[in-house]
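For ligands, and for the atoms within them, numbers begin at 1 and follow the listed sequence.
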Amino acid sequence: VADSAPTGERRFPPGFLWGTATSAYQIEGAVREDGRTPSIWDTFSHTPGKTDGGDTGDTATGHYHRWREDVELMRRLGYGAYRFSVAWPRVQPTGRGPADRRGLDFYRALVDGLLAAGVRPALTLYHWDLPQELEDAGGWTERDTAHRFADYAHLVAEALGDRVELWTTLNEPWCSAFLGYGSGVHAPGRTEPVAALRAAHHLNLAHGLGAMALRAALPGGARLGISLNAAVVRPLTGSAADAEAVERIDTVATRVFSDPVLHGRYPERLFTDTAHLTDWSFVRGTDLTTIHQPLDTLGLNYYNPSVVSAGDAAGTGPRRDGHGASAHSPWAGAEDVAFHQPPGDTTAMGWSVDPTGLYDLLTRFSREAPGLTLTVSENGAAYEDRPGPSGAVHDPERIAYLHGHLAAVHRAIADGADVRGYFLWSLTDNFEWSFGYAKRFGLIRVDYADGRRVPKSSAYWYSRLARSGVLPEPTWEPGPDGDRY
Ligand code: PNW
């Protein structure tokens with residue numbers, strides 16, 4: 001991969017996967033259909049004050065009924081892969097026991113539709129929608145939930161193992177543990193630092209047990225991974241205290257997951273940094289061996305870097321870490337770290353635009369886990385898209401964001417990172433968790449009044465990349481008749 005061929009052309013390796021990504025609760029709707037029971041996100045979004053505008057996933061983009069249209073759009077746009085998640089409460093409504101056939105049938109039909117459209121399916125088992133019944137029994141603070149996850153993984157693998165090649169156990173366990181049980185801005189909305197640490201361990205255990213269950217049930221060719229939102233953390237100044245602040249955040253944001261998953265151990269400083277909270281006696285004998293399963297790829301989700309310094313207790317005053325408004329810190333064990341807004345452009349989320357963070361992340365894990373392939377399992381941006389008079393959406397900011405980040409991926413590959421695919425968040429606008437529908441990450445606009453889909457300019461730009469494997473210039477102007485496939 002030549003970084004600067006004379007033409008400046010950036011060509012990606014042959015076979016590179018060009019995908020888009022979504023998750024069940026953010027798109028499906030149909031929350032009471034075909035035996036599906038409430039997940040923690042149904043409960044949370046229906047609790048007053050938890051989401052902007054009181055938005056819920058009740059209808060979302062209507063994907064459960066319109067999935068054929070979404071698959072057809074991917075086919076026409078030439079996107080080669082699609083990362084979606086399975087809703088646990090559709091497949092196993094109580095979180096235990098036998099599968100509900102209707103739930104599995106939905107995903108079977110979706111996967112068959114994707115394959116028929118020439119789109120390779122990448123399945124995520126857990127993108128945050130824990131069956132409420134399991135939360136009522138303690139959720140991720142309880143060890144049993146990890147075993148329940150392994151059973152669920154087994155059911156899905158038995159049903160879809162013959163036709164899905166890429167399997168992800170968990171999406172962003174950091175969000176599940178620390179936003180769900182620490183700062184409470186995500187479901188189930190608990191605000192107990194010890195619960196967050198217990199949840200982190202049990203999610204790791206779920207990954208390990210789930211990976212074992214998948215290996216046992218999947219055919220040889222299937223590939224298996226986990227998606228981490230490993231943090232890119234930079235110090236505000238060159239001081240030793242700020243360097244220490246970086247280490248503290250890196251420990252509870254990233255290494256609490258990546259160390260056990262990749263190396264079978266917790267970082268020593270995790271125990272010392274959190275000693276005022278817990279003695280970690282919930283970690284049992286062989287847990288770390290269980291968590292340390294061989295993987296085929298490491299999924300990395302990247303949006304923006306953080307800038308930190310020693311000082312102000314996080315959780316008091318306005319929060320600047322971009323994780324939503326809460327009086328409670330998600331940073332168990334790193335409460336004395338301050339977050340700063342980096343200079344420069346931001347997206348509609350207020351997240352700073354900095355492609356070098358993605359380069360740093362890929363090269364870090366390429367060095368840390370040589371031999372393991374990497375996948376960018378999410379990257380993308382929300383912007384204030386404004387449809388023109390014809391309804392078309394021209395979104396040059398999103399194209400610029402994508403171009404910058406894909407150039408960074410290309411540079412990481414040129415520098416030796418074994419990156420095998422890129423999944424753009426997101427295929428369509430969708431329910432952006434506590435921010436509701438106001439934040440739009442889609443390549444395809446969704447009109448929530450009638451469910452209509454309209455590909456934005458960025459969708460056509462990404463289409464060119466997916467078809468050619470060559471990064472197009474970020475300049476894209478709709479033709480005289482508007483954008484076209
Ligand atoms: C990820 N944070 O979520 C998720 O995997 C997606 O479901 C989501 O829509 C996407 O990124 C965009 O936000 C995150 O607070 C949610 O740092 C919150 C944070 C990060 C990622």
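The shortest separation from a heavy atom of K439 to ligand 1 is not under 4.0 Å, leaving the residue out of contact. At least one heavy atom of L179 sits less than 4.0 Å from an atom of ligand 1. For the pair F435 and ligand 1, no heavy-atom separation below 4.0 Å is found.
Residue-to-ligand polar distances keep N229 apart from ligand 1: every N/O pair is separated by 3.5 Å or more. Remark: ligand 1 and W433 share an N or O pair separated by less than 3.5 Å (distance only, no angle test). Considering backbone and side-chain atoms alike, H186 places every N or O at 3.5 Å or more from each N or O of ligand 1.
Y359 carries R411 over the face of its six-membered ring, with the cationic atom under 6.0 Å from the centre and within 45° of the normal. A cation-pi arrangement is present between R90 and Y64, with the terminal nitrogen or guanidinium carbon under 6.0 Å from the aromatic centre and inside a 45° cone about the axis.
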Pair H201-Y266, ring-ring contact (aromatic ring centres under 6.0 Å, His included): steps then yes or no: CA-CA 10 Å; H201 179 63; Y266 279 116; 5.7 Å; yes
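Proximity to N171 (heavy-atom distance under 4.0 Å) selects the following atoms of ligand 1: 5 (O). Those atoms of ligand 1 with a heavy atom of Q26 less than 4.0 angstrom away are 6 (C), 7 (O), 8 (C), 9 (O).
When each of W425, Y302, Y401 is checked for a side-chain hydrogen bond (donor to acceptor under 3.5 Å, both in side chains) with N379, only Y401 meets the rule.
Contacts of N430 with ligand 1, taken as heavy-atom pairs under 4.0 Å, are absent altogether. Looking at W351 against ligand 1, only its side chain comes within 4.0 Å, counting heavy atoms.
Among F441, F431, Y303, the residue whose heavy atom lies closest to atom 10 (C) of ligand 1 is Y303. Between the choices E172, E378, M349, H127, the shortest heavy-atom distance to atom 3 (O) of ligand 1 belongs to E172.
Taking 4.5 Å as the limit, some side-chain heavy atom of R445 sits within range of a side-chain heavy atom of D385.
A distance-only check finds a donor-acceptor pair linking the side chain of Y462 to the backbone of G19 [under 3.5 Å].
The ring of W41 has its center closer than 6.0 angstrom to the ring center of H186.
Of all heavy-atom pairs spanning F431 and T51, the tightest one is CZ-CG2, 4.1 Å.
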